[in-house]
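Structure, as structure tokens:
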There are 2 protein chains.
Amino acid sequence: MSQHENVGHDVETGLIDADAQVESFRQTRNNRRTELVEDYVELIADLLEDGGEARQVDIAQRLGVAQPTVAKMLKRLISEGYIQQRRYRGIFLTDPGRQLAELCRERHQIVESFLCSIGVSPETARIDAEGMEHHASPETLEAFKRFLASTTSSRIVAQARSVS
Amino acid sequence: MSQHENVGHDVETGLIDADAQVESFRQTRNNRRTELVEDYVELIADLLEDGGEARQVDIAQRLGVAQPTVAKMLKRLISEGYIQQRRYRGIFLTDPGRQLAELCRERHQIVESFLCSIGVSPETARIDAEGMEHHASPETLEAFKRFLASTTSSRIVAQARSVS
DNA sequence: GAAATAATATAGCCAATGCTATTTTTCAAT
DNA sequence: ATTGAAAAATAGCATTGGCTATATTATTTC
Ligand SMILES: [Mn+2]
Ligand SMILES: [Mn+2]
Ligand SMILES: [Mn+2]
Ligand SMILES: [Mn+2]
């Protein structure tokens with residue numbers, strides 16, 4: 001390769017197309033840059049819905065990181081317009097924040113349910129989904145949903161049959 | 001929450017178990033720390049297998065990053081014992097390196113094939129698998145393999161039926 | 001209203017991953 | 001042997017995401 005390039009006739013490569021591979025790696029690096037934002041916003045939405053408030057300490061405790069780590073990330077979320085902070089009353093989502101949270105929640109739910117539906121244990125599904133969700137494209141999510149729907153319907157069919 | 005903790009009687013939480021959630025986030029953060037190493041080692045194995053050599057410039061080109069970025073990561077791979085570098089002759093895998101590469105390759109292949117098998121297009125499967133692979137636990141991989149085997153066999157059955 | 005406590009902010013550190021620009025080294029060709 | 005080109009190394013910078021230790025600032029409680 002490189003300097004020692006083959007001269008002329010294309011060599012049987014075995015490797016996948018370079019441009020395609022670069023695109024995959026780029027997309028993956030890109031997804032990585034938003035993973036944390038997504039997890040924070042999703043978690044904040046959950047905390048708000050559950051207890052009406054989301055404080056730094058709660059977020060830190062749920063994520064398993066230190067409070068200053070959360071404080072720093074919250075600044076990023078503020079600067080990106082996803083949250084508002086009311087001094088000593090915790091974090092609140094902006095409209096874009098709520099929107100992102102909803103997207104993430106759905107996506108997370110689909111991935112986790114899907115894993116369970118193919119026989120992964122709930123504990124493992126929970127863990128794996130937390131990481132995989134950020135790399136599941138809309139197309140893959142559609143496939144997951146189709147599969148979920150199909151197994152649901154076949155279960156219904158089976159049940160209907162067993163009842164009759 | 002936190003300061004304003006509920007006193008006594010456990011409140012209906014709606015949230016999942018805190019310890020479980022922390023475990024998920026921790027595991028995910030952990031996986032993130034090895035993603036790059038895995039992609040590098042896998043890519044180096046591919047390049048070596050294909051052309052007999054893996055140079056910094058080739059790796060950089062395939063990953064879509066700059067050469068000094070690769071140079072730095074290679075130092076990490078050397079320090080972690082996965083590769084050896086022969087001056088101007090490129091990168092070579094150590095035994096642990098080959099072992100890791102093999103694991104990653106299989107895992108990657110399983111994830112990508114699985115996505116295709118549930119109807120995701122090859123291009124999207126390629127992209128999503130590049131990120132998801134690093135978060136697929138052995139248990140999830142087993143579930144993927146089971147599914148692949150089952151669809152393969154049902155295709156065989158269907159084909160056998162259509163032939164007879 | 002003062003003191004204690006809880007929540008937040010800030011300072012200062014580190015490691016990882018990216019970049020550009022430049023230098024050094026090796027290899028290949030003349 | 002010299003030279004030109006390719007590969008690799010190095011310097012210097014930025015951003016992200018972690019940490020600990022230590023202030024500040026609100027809120028409760030007495
Ligand atoms: Mn999530
Ligand atoms: Mn997540
Ligand atoms: Mn891979
Ligand atoms: Mn990958």
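These figures come from a predicted structure and were not determined experimentally. Letters go in sequence order (proteins before strands), and every chain restarts at 1.
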Below 3.5 Å is the cut-off: list the nitrogen or oxygen pairs between protein and nucleotides 2-4 of chain C, distance only.
none

If you look only at pairs with a residue in residues 102-130 of chain A, which of them pass as a ring pair (Phe, Tyr, Trp, His ring centres under 6.0 Å), with sequence neighbours excluded?
A:F114-A:F144, A:F114-A:F147, A:F114-B:F114
Restricting to pairs with a member in residues 62-87 of chain B, which pass ring pair (Phe, Tyr, Trp, His ring centres under 6.0 Å), not counting sequence neighbours?
none
Restricting to salt bridge (Lys or Arg N to Asp or Glu O under 4.0 Å), what partner residues turn up for B:D95, sequence neighbours left out?
B:R98
Taking only nitrogen or oxygen atoms into account, show me every contact under 3.5 Å that the protein makes with nucleotides 10-14 of chain C, one pair per line with its distance.
residue: C:dT10; atom: OP2; partner: A:K75; partner atom: NZ; Å: 3.4

Looking at the side chain of B:A66, which of C:dC19, D:dC19, C:dT8 is the nearest nucleotide?
C:dC19
Any donor-acceptor pair under 3.5 Å joining the side chain of B:Y88 to the base of C:dT25?
yes
Residue pairs, two or more places apart or on separate chains, that pass side chain to side chain donor-acceptor pair (under 3.5 Å) and touch residues 139-149 of chain B:
A:S121-B:E139, A:T124-B:E139, A:D128-B:T140, B:S137-B:T140, B:E142-B:K145
Side chain of B:L36 - closest among C:dG18, C:dC27, C:dA7
C:dG18
By side-chain contact (heavy atoms from CB on, under 4.5 Å) - contacts of A:L36 (at least two apart)
A:Y40, A:M73, B:R32
I'd like to check the side chain to side chain donor-acceptor pair (under 3.5 Å) partners of A:Q61; sequence neighbours left out, ordered by chain and number.
none
Give the nucleotide from the list C:dA16, C:dT8, C:dT26 with an atom nearest to the side chain of B:R76.
C:dA16
Going by salt bridge (charged side-chain N to carboxylate O under 4.0 Å, His left out), name the pairs with one or both residues in residues 107-120 of chain B, residues two or more places apart or in two chains.
B:E38-B:R107, B:R107-B:E133
Single hit among B:I91, B:I83, B:L100, B:T94 for side chain to side chain contact (heavy atoms under 4.5 Å, CB included) with B:L77
B:I83
With a 4.0 Å limit, can you tell me whether A:T69 has a side-chain N or O closer than that to the phosphate oxygens OP1/OP2 of D:dC19?
yes
With the side chain defined as heavy atoms from C-beta on, B:Q56 is closest, among D:dA9, C:dG18, D:dA7, to D:dA9
